[in-house]
Amino acid sequence: MTIEDNSQLRAEGSVRDREIVAARVIVTCPGRNFVTLRIETRSGVYGLGDATLNGRELAVASYLQDHLIPNLIGRDAGRIEDIWQFFYRGAYWRRGPVTMTAIAAVDVALWDILAKLAGMPLYQMLGGRSRDGVLVYGHANGKDVQETVDEVGRYIEKGYKAIRAQSGVPGIKKAYGVSNLKNAYEPAESELPLETVWNTTKYLNVVPQLFETLRNAHGPEIELLHDGHHRMTPIEAARLARDLEPYRLFWLEDATPADNQQAFELIRRHSITPLAVGEVFNSIWDAKHLIQNQLIDYIRTTIVHAGGITHLRRLADFAALHQVRTGFHGATDLSPVCMGAALHFDTWVPNFGIQEYMQHCKETDDVFPHDYTFREGRLYCGEKPGHGVDIDEKLAAKYPYSPKQLPIARLEDGSMWDW
Ligand code: KDG
Ligand code: MG
């Protein structure tokens, strides 16, 4: 047999090994709901993708089960780009959070398979390390300014170098980002949406006070972040961004809804506080004007909600051309599978900014064994082939789905507002 014959046989063998023979959706609730896609190849090597869309989990599960999985069987798992294009470009109905979350789950599972077959950690497949560890920010909150300041102190003691601070607001019963007990903040807490009441004037009176007290208490070095969670109008957001300038925030997030990307021009005109947005975006088109016009400094869109690694890579490269850095969403409603994939991406991406890190509860960590670790304010992805996150299906089966939706917000006169 010639060398050519031999390599032809090897290539055919690899394609046979990579053939997708099965795929299934696993829905579980170890502390909160998660949807996971598992794709298996003829070789027995399998990959996992996160498909969790908070409060809309079963819509994505159905999109996968009823529409994508039947198209996957028999395909070559190594044709990641073509499969992505098949599901995105091939579908007449494009984009939207449900579609793009389902495509992301497929894409991440395929990257996981490819890296496992290559025997390499995923970051290596993307182009290798750009950094040793990934700077993360934790979540501190309290019922008032002093409690929040104390909580930030506790995060500093735990080694965090960047901390998001959210405080309760006098006159608002349930301010965004503030937990009831000492547990991590978990907004999807009831089967039908909890109705909360919002007042921007009251909020705007507290936030500058919070950051003045934080800087006085904890000094100039710690990186401080804040999430406006889409509540302000553009001119209110501009005012807050300007009021916060003396306290040098790392970023002000979701200052105003970005459905109209031009809205950020007004904030930019008035302030030099860095801006972050995009956790609810699901494609590069949601961010095009914002990035091209340098209206933001950080793009929050992450792997699970925007078409996976294949699409995020394009978004990050486009952002790099305009000095916009990544700052991936990493709340607890994104599963450890998403976190694992995100950390490999963060380890590679040249224009990395920061990664959000809200720790999962023990039940979640037990269902999703993973090899990423936290040390001195940074997360480190592991060296196992793939993205390094697995699922214990027997344990997952002990936590049945529990329907929960995110809250809604109304103004004091009853009008609907952005939550
Ligand atoms: O599902 C919604 C949460 O992920 C979101 O409210 C968390 O805004 C958030 C953040 O910045 O983590
Ligand atoms: Mg946010």
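We count ligands from 1, going down the list as the structure has it; atoms in each ligand are counted the same way. Counting from 1, the numbers follow the sequence of the chain as shown. Just the heavy atoms: all of them, side chains too, but no hydrogens, waters or symmetry mates, feed the values below. None of the values given here were measured: they were computed from a predicted structure.
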Item to complete: Could you check which of Arg32, Arg164, Glu356 puts a non-hydrogen atom nearest to atom 12 (O) of ligand 1?
Response: Glu356
Worksheet entry | Check: Tyr137 N/O within less than 3.5 Å of ligand 1 N/O | no
Response to the item:
Looking only at protein heavy atoms, what sits closest to atom 6 (O) of ligand 1 is His229 NE2, 2.8 Å
Worksheet item: Going by the atom numbers of ligand 1, which of them fall below 4.0 Å from some non-hydrogen atom of Glu253?
Response: 11 (O)
Discussion item. Assess the residue pair Tyr185 and Tyr176 against the criterion (side-chain contact (heavy atoms from CB on, under 4.5 Å)); give the C-alpha distance rounded to whole Å, side-chain angles, the decisive distance to 0.1 Å, and a yes or no.
Written reply: CA-CA 9 Å; Tyr185 180 60; Tyr176 165 76; 3.6 Å; yes
Worksheet entry | Identity and separation of the nearest protein heavy atom to atom 5 (C) of ligand 1 | Glu279 OE2, 3.5 Å
Fill in: Nearest protein heavy atom with distance in Å, relative to atom 3 (C) of ligand 1
Asp333 OD1, 3.4 Å
Discussion item. Below 4.0 Å, non-hydrogen atoms only: which portion of Tyr185 touches ligand 1? Side chain, backbone, both or neither.
Written reply: neither
Worksheet item: Under 4.0 Å from any heavy atom of His329, which atoms of ligand 1 are there?
Response: 4 (O), 7 (C), 9 (C), 10 (C), 12 (O)
Fill in: Trp419/His229 under ring-ring contact (aromatic ring centres under 6.0 Å, His included): CA gap, chis, key distance, verdict
CA-CA 7 Å; Trp419 179 74; His229 221 262; 4.5 Å; yes
Item to complete: Scan side-chain atoms only and decide if Lys404 and Ser402 contain a donor-acceptor pair under the 3.5 Å cut-off.
Response: yes
Worksheet item: At a 4.0 Å threshold, what atoms of ligand 1 neighbour a non-hydrogen atom of Asp227?
Response: 8 (O), 9 (C), 10 (C), 11 (O)
Discussion item. I'd like the atom name of the N/O/S atom in Glu253 lying closest to the Mg ion (ligand 2).
Written reply: OE2
Discussion item. Looking only at N, O or S atoms, which one in Glu279 sits nearest to the Mg ion (ligand 2)?
Written reply: OE1
Discussion item. Is it true that Glu236 and Thr233 share a donor-acceptor pair across their side chains at a distance under 3.5 Å?
Written reply: yes
Fill in: Per-atom contacts, ligand 1 versus Tyr176 - under 4.0 Å to a heavy atom
6 (O), 7 (C), 8 (O), 9 (C), 10 (C)
Item to complete: Kindly check if the number of other-residue, nucleotide or ligand heavy atoms within 6.0 Å of CZ (Arg129) is above 12?
Response: yes
Worksheet item: Does ligand 1 have an atom under 4.0 Å from some heavy atom of Trp419?
Response: yes
Item to complete: Give a yes/no answer: is there an N/O/S atom of Asp254 under 2.8 Å from the Mg ion (ligand 2)?
Response: no
Discussion item. Regarding Asp227, does it place an N, O or S atom less than 2.8 Å from the Mg ion (ligand 2)?
Written reply: yes
Worksheet item: Under 4.5 Å between any side-chain heavy atoms of Arg242 and Glu245, yes or no?
Response: yes
Worksheet item: Out of curiosity, is Met358 lining ligand 1, as in a heavy atom under 4.0 Å away?
Response: no
Worksheet item: Got a salt bridge between Glu40 and Arg38, using NZ or NE/NH1/NH2 to carboxylate O under 4.0 Å?
Response: yes
Fill in: Residue of the set His322, Arg268, Gln323 for which side chain to side chain donor-acceptor pair (under 3.5 Å) holds with Gln294
Gln323
Item to complete: For ligand 1, note which part of Leu406 has a heavy atom under 4.0 Å away: side chain, backbone, both or neither.
Response: side chain
Worksheet entry | Aromatic Trp417 / basic Arg231 pairing, under 6.0 angstrom, 45° off normal | no
Worksheet item: Is Arg375 close enough and on-axis enough to Tyr380, meaning under 6.0 Å and within 45°, for cation-pi?
Response: yes
Discussion item. Is the distance between the ring centroids of Tyr298 and Phe250 under 6.0 Å?
Written reply: yes
